Amino acid sequence: MDDILSVKNLKKYFPSPNGLVKAVDDVSFSVKRGTTMGLVGESGCGKSTTGRCVLRLSGGLTGGQVLFQNQDLYKLSKKALRALRPKLQIIFQDPFSSLSPRLTVGELMKEAVREHRIVPAGELEHHIDKIMENCGLKTSYKSRYPHEFSGGQRQRICIARALALNPDFVLCDEPVSALDVSIQAQIVNLLQKLQQEYGLTYLFISHDLSVVEHICDTVAVMYLGKIVEYAPTKALFDKPLHPYTQALFSAIPVPDPNHKLQRILLQGNIPSPIDPPSGCRFHPRCPHAMDICSRVVPVLAKVDADHTCACHLYHQVREASKE
């Protein structure tokens with residue numbers, strides 16, 4: 001499979017009264033066509049900003065490139081970008097605030113399809129009906145307004161609206177975090193079904209690791225604007241390497257009352273992205289920090305064939321084992 005999306009050395013800084021907020025700082029990854037990549041980490045680590053940069057929704061970049069189907073999105077003209085927009089869609093965290101309360105579901109579905117001329121005018125109703133049915137929505141819902149639906153139904157509407165533009169790539173930005181657990185499962189299963197039917201590629205941003213484990217093919221872990229670990233989902237969950245990843249995974253609840261969780265409790269607060277720590281940004285909270293961690297920025301390097309990790313501890317151990 002080829003890479004549909006390639007992000008290279010992405011940087012996004014925001015000005016503030018106290019200095020530059022380094023929300024995303026030298027992030028690189030790629031997503032293969034037809035797969036789902038998860039992006040996880042604590043709130044404020046830069047996940048959503050990365051996603052919005054990928055779709056060119058956050059203004060210009062501070063540095064780096066975003067290549068979609070080998071096209072640099074930040075070098076496209078307005079006309080070329082507008083023509084490409086239908087292929088890049090997003091599902092937001094809060095379905096209610098992302099749907100206009102003044103428009104019916106039918107109009108919400110049709111406006112972008114008409115604007116981008118996805119189908120001929122005579123086929124518009126049939127196109128919308130088919131998409132709605134595939135998303136588990138009755139076609140009679142077209143005459144109703146968003147406030148008349150439950151949270152799960154509204155999220156299905158958001159999914160259908162994105163799908164109506166025949167996208168290749170969909171950014172799922174915390175798409176189930178505002179829903180009940182049982183509804184979360186339904187939406188995740190729907191996303192997987194639609195991926196198979198339409199050949200979609202997802203970038204799935206979430207802090208819910210159980211959901212990520214279920215839906216994602218690969219996972220990248222972010223901390224304070226940087227990716228600290230990346231691997232296929234099974235490899236990452238079977239053997240997390242970075243101390244931060246290990247701490248995150250230790251908080252995953254286990255449905256067994258007899259199983260005692262061995263939590264890894266991190267000390268201190270998350271440092272400010274305006275003035276991040278020198279060296280490894282995680283070292284002030286890391287239980288395994290060494291002297292080198294405060295001085296040298298660790299490189300995101302391969303550990304196994306597809307497993308990369310930015311950690312001095314692990315790579316020092318590996319180098320010592322070769323001697």
Side-chain angles (χ1 to χ4, degrees), residues 2-16 19-33 35-94 97-98 158 162 165 167-175 177 200-207 212 216-230 270-274 276 281 297 300 308 310:
D2 61 319
D3 292 338
I4 190 172
L5 178 74
S6 182
V7 175
K8 299 180 179 180
N9 306 113
L10 180 68
K11 293 183 180 181
K12 181 64 178 179
Y13 300 168
F14 296 96
S16 77
L20 289 175
V21 178
K22 299 177 180 180
V24 182
D25 199 10
D26 200 17
V27 163
S28 299
F29 62 85
S30 59
V31 186
K32 294 192 177 299
R33 187 181 301 274
T35 66
T36 301
M37 175 184 152
L39 193 58
V40 304
E42 293 170 295
S43 295
C45 70
K47 305 186 300 295
S48 292
T49 301
T50 299
R52 282 162 172 71
C53 287
V54 163
L55 296 188
R56 196 172 158 178
L57 297 178
S58 294
L61 295 179
T62 305
Q65 288 182 304
V66 177
L67 304 177
F68 176 72
Q69 295 178 339
N70 295 318
Q71 299 181 78
D72 190 331
L73 293 184
Y74 286 83
K75 290 185 178 179
L76 294 179
S77 65
K78 289 184 178 180
K79 183 178 180 181
L81 181 63
R82 187 179 185 279
L84 195 62
R85 278 293 182 204
K87 297 299 180 183
L88 295 153
Q89 291 299 303
I90 183 171
I91 301 168
F92 293 98
Q93 178 177 0
D94 183 0
S97 63
S98 62
C158 291
L165 293 170
D168 292 326
F169 177 87
V170 180
L171 170 63
C172 304
D173 189 3
E174 304 268 14
S177 64
L200 301 171
T201 304
Y202 295 141
L203 177 59
F204 195 91
I205 297 174
S206 180
H207 62 265
V212 167
C216 296
D217 299 293
T218 58
V219 180
V221 182
M222 282 193 76
Y223 181 79
L224 205 62
K226 288 184 174 291
I227 291 178
V228 298
E229 190 165 359
Y230 173 84
I270 303 174
S272 169
I274 295 176
R281 295 187 175 186
V297 178
L300 189 65
T308 58

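Computed from a predicted structure; not experimentally measured. This chain uses plain numbering: 1 for the first residue, then up along the sequence.
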Asker: Side-chain contact test, heavy atoms from C-beta onward, threshold under 4.5 Å: evaluate it for Y74 versus C53 and give yes or no.
Answerer: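 Contact flag for Y74/C53 side chains = yes.
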Asker: Is there side-chain contact between V40 and F204, with at least one heavy-atom pair below 4.5 Å?
Answerer: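 Result no, sub-4.5 Å side-chain heavy-atom pair not found.
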Asker: Hey, does L67 have a side-chain heavy atom less than 4.5 Å from the side chain of K8?
Answerer: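 In short, these two side chains touch, coming nearer than 4.5 Å.
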Asker: Just verifying a value: how many Å separate L61 CG and N9 CG, rounded to the nearest 0.5 Å?
Answerer: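 Here the interatomic distance stands at 11.5 Å.
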Asker: Show your working on side-chain contact (heavy atoms from CB on, under 4.5 Å) between Y230 and M37 and close with a plain yes or no.
Answerer: CA-CA 10 Å; Y230 173 84; M37 175 184 152; 4.2 Å; yes
Asker: Nearest 0.5 Å please: distance from the OG1 atom of T218 over to the CG atom of L39.
Answerer: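 Here the interatomic distance stands at 10.0 Å.
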Asker: Using side-chain heavy atoms (C-beta onward) and a distance below 4.5 Å, is I270 in contact with L224?
Answerer: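 Yes. Closest side-chain heavy atoms under 4.5 Å.
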Asker: Please confirm whether the backbone N or O of D26 pairs with a side-chain atom of K226, one donor and one acceptor, at under 3.5 Å?
Answerer: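 Not at all, since once roles are kept as given, no pair shorter than 3.5 Å links the two residues.
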Asker: When you measure from the centre of the six-membered ring of F14, is the NZ or CZ of K12 closer than 6.0 Å and no more than 45° off the axis?
Answerer: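 So K12 does make the cation-pi contact.
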Asker: What closest approach, in Å, do Y13 and D25 show between heavy atoms, and which atom pair accounts for it?
Answerer: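 Of all heavy-atom pairs spanning Y13 and D25, the closest is OH-OD1, 2.6 Å.
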Asker: To the closest 0.5 Å, what do you measure between CZ (R52) and CD1 (I90)?
Answerer: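 Between atom CZ of R52 and atom CD1 of I90 there are 5.0 Å.
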Asker: Does any non-hydrogen side-chain atom of R281 lie less than 4.5 Å from one of P271?
Answerer: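 P271 does not reach R281 side chain to side chain.
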Asker: Find out whether Q69 and R33 are in side-chain contact, i.e. whether some heavy atom of one side chain is under 4.5 Å from a heavy atom of the other.
Answerer: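 Yes - at least one pair of side-chain heavy atoms lies under 4.5 Å apart.
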Asker: Is it the case that more than 12 heavy atoms not belonging to N70 sit under 6.0 Å from its CG atom?
Answerer: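 Counting other residues, nucleotides and ligands, CG of N70 stays at 12 neighbours or fewer.
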Asker: How close do L203 and G51 get, counting heavy atoms only, and between which atoms?
Answerer: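 Here L203 and G51 meet closest at CD2-CA, 4.5 Å.
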Asker: In sequence, state the C-alpha distance, the side-chain angles, and the governing distance for V66 and R56, and then conclude on side-chain contact (heavy atoms from CB on, under 4.5 Å).
Answerer: CA-CA 9 Å; V66 177; R56 196 172 158 178; over 6 Å; no
Asker: First locate atom CZ of F68, then atom OG1 of T201, and finally report the distance between them rounded to the nearest 0.5 Å.
Answerer: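 Going from CZ on F68 over to OG1 on T201, the span is 7.5 Å.
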Asker: Would you say that P167 contacts L200 through its side chain, given a criterion of any heavy-atom pair below 4.5 Å between the two side chains?
Answerer: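 The answer is yes; the side chains approach within 4.5 Å.
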Asker: For atom NZ of K87, decide whether the heavy atoms of other residues, nucleotides or ligands shown that lie under 6.0 angstrom number more than 12.
Answerer: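 Yes, the 6.0 Å shell around NZ holds more than 12 heavy atoms from other groups.
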Asker: Could you give the distance from CD (Q71) to CD (Q65), rounded to the nearest 0.5 Å?
Answerer: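 Spacing of CD (Q71) from CD (Q65) equals 13.0 Å.
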Asker: Taking all non-hydrogen atoms of both residues into account, name the closest pair between S206 and V212 and its distance.
Answerer: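 Distance-wise, the nearest heavy atoms are CB-CG2, 3.8 Å.
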Asker: Would V54 and L5 count as a side-chain contact (heavy atoms from CB on, under 4.5 Å) here? Give the steps.
Answerer: CA-CA 9 Å; V54 163; L5 178 74; 3.7 Å; yes
Asker: Where is the tightest heavy-atom contact between M222 and V27, given as atom of each residue plus distance?
Answerer: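 That closest heavy-atom pairing would be CE-CG2, 4.1 Å.
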Asker: Give the minimum heavy-atom separation between I91 and A162, together with the two atoms involved.
Answerer: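 Heavy-atom minimum between the residues: CG1-CB, 4.5 Å.
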Asker: Given L171 and I205, is the side-chain contact (heavy atoms from CB on, under 4.5 Å) satisfied, shown in steps?
Answerer: CA-CA 8 Å; L171 170 63; I205 297 174; 3.6 Å; yes
Asker: Would you confirm whether D217, through its side chain, and T36, through its main-chain N or O, come within 3.5 Å as a donor-acceptor pair?
Answerer: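 Checked: pair present.
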Asker: Do L73 and L88 come close enough that some side-chain heavy atom pair is under 4.5 Å?
Answerer: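 Contact flag for L73/L88 side chains = yes.
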Asker: Identify the heavy atoms of V228 and Y223 that sit nearest to each other, and give their distance.
Answerer: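 The answer is CG1-CB, 4.0 Å.
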Asker: How long is the straight-line distance from CG of D94 back to CD of E174, given to the nearest 0.5 Å?
Answerer: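 Taking CD in E174 and CG in D94, the distance rounds to 12.0 Å.
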